[in-house]
Amino acid sequence: QVQLVESGGGLVQAGGSLRLSCAASGRTFTTYTMGWFRQAPGKEREFVATIRPISMSADYADSVKGRFTISRDNAKNTVYLQMNSLKPEDTAVYYCAAGIQGSSRRQLDYAYWGQGTQVTVSS
């Protein structure tokens, strides 16, 4: 069982930046593909970004491409989401997830999920 804990959410004005962190338990962190998803009020949970465990190759939703950067520090068992040029439509609860296959955009491919962290972007 993998435990994931997100942090770094908060309130920011449009155009600002936030850096989310997701700390994972266990010594097998390097075997997992990590992903970020988000869910806005009244919306379905959607894919944001994913990163592979060794190659560090990443994939992004079109809505965040060029603004968000996913990274990971395997030594610290932590994955990050750097969010720049934030827009009000980025407002959502952001979830960290871990899966056993690489660079998936499907939430069903992730077996472990964090509790989420709220990101609110004001106009």
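Note: hydrogens, waters and symmetry copies are ignored here, and every other heavy atom, side chains too, is used.
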> Counting distance only, does the side-chain N/O of Thr78 pair as donor-acceptor with the main-chain N or O of Lys76 below 3.5 Å?
Replying inline: yes

>> Tell me whether the NZ or CZ atom of Arg72 lies within the 45° cone about the ring axis of Tyr32 and under 6.0 Å from its centre.
In response: no

> Mind checking whether Tyr94 and Phe68 have parallel, tilted or perpendicular rings, split at 30° and 60°?
Replying inline: tilted

> Can you check whether Arg105's main-chain N or O pairs, donor with acceptor, with Thr50's side chain at less than 3.5 Å?
Replying inline: no

> Do Met56 and Ile100 share a hydrophobic cluster, counting only Ile, Leu, Val, Met, Phe, Trp and Tyr and linking them when any side-chain heavy atoms are less than 4.5 Å apart?
Replying inline: yes

>> Within this structure, what is the CD-NZ distance for the pair Glu89 and Lys43, rounded to the nearest 0.5 Å?
In response: 11.0 Å

> Can you name the ring pair (Phe, Tyr, Trp, His ring centres under 6.0 Å) partners of Tyr95, sequence neighbours left out?
Replying inline: none

> Would a 4.5 Å heavy-atom cut-off, applied to side chains only, mark Arg45 and Gln107 as touching?
Replying inline: yes

>> Show the nearest heavy-atom pair for residues Met34 and Cys22, with the distance to one decimal.
In response: CE-SG, 4.3 Å

> Got a donor-acceptor contact below 3.5 angstrom from the Gln82 side chain to the Thr69 backbone?
Replying inline: no

> Do the side chains of Thr33 and Pro53 get nearer than 4.5 Å, heavy atoms only?
Replying inline: yes

> Which atoms form the tightest heavy-atom contact between Ile70 and Ala58, and what is the distance?
Replying inline: CG2-CB, 3.6 Å

> Looking at Leu4 and Cys96, what are the two nearest heavy atoms and their distance?
Replying inline: CD1-O, 3.6 Å

>> I'd like to know if the side chain of Thr120 reaches the main chain of Thr91, judged simply by a donor and an acceptor atom lying under 3.5 Å from each other, with no hydrogens or angles considered.
In response: no

> So which heavy atom on Arg38 is nearest to which on Ala92, and how close?
Replying inline: CB-CB, 3.8 Å

> Would Lys87 and Asp90 pass as an ion pair if we require N to O under 4.0 Å?
Replying inline: no

> Which residues pass the ring pair (Phe, Tyr, Trp, His ring centres under 6.0 Å) test with Phe47, sequence neighbours left out?
Replying inline: Phe37

> Rounded to the nearest 0.5 Å, how far apart are CG of Asn74 and CD1 of Ile54?
Replying inline: 6.0 Å

>> Counting C-beta onward and ignoring hydrogens, is there a side-chain heavy-atom pair between Leu18 and Leu86 closer than 4.5 Å?
In response: yes

>> Looking at every heavy atom in both Ala49 and Leu81, which two are closest together, and how far apart are they?
In response: CB-CD1, 4.2 Å

> Is the shortest heavy-atom distance from the side chain of Ser104 to the side chain of Arg52 under 4.5 Å?
Replying inline: no

>> Restricting to non-hydrogen atoms, name the atom on Asn84 and the atom on Ser17 that form the minimum distance, rounded to 0.1 Å.
In response: OD1-OG, 2.9 Å

>> Using modelled atom types and a 3.5 Å cut-off, is there a donor and acceptor pairing between side-chain atoms of Asp59 and backbone atoms of Ile51?
In response: no

>> Between Gln13 and Val121, is there a side-chain heavy-atom distance shorter than 4.5 Å?
In response: no

>> Side-chain heavy atoms nearer than 4.5 Å, only ILVMFWY residues, links allowed to pass through others: does that put Tyr80 and Trp36 together?
In response: no

>> For residues Val2 and Leu20: do they belong to one hydrophobic cluster (side chain heavy atoms under 4.5 Å, members Ile, Leu, Val, Met, Phe, Trp, Tyr)?
In response: yes

> With no hydrogens and no angle check, is any side-chain donor or acceptor of Ser25 less than 3.5 Å from a backbone partner on Gln3?
Replying inline: yes

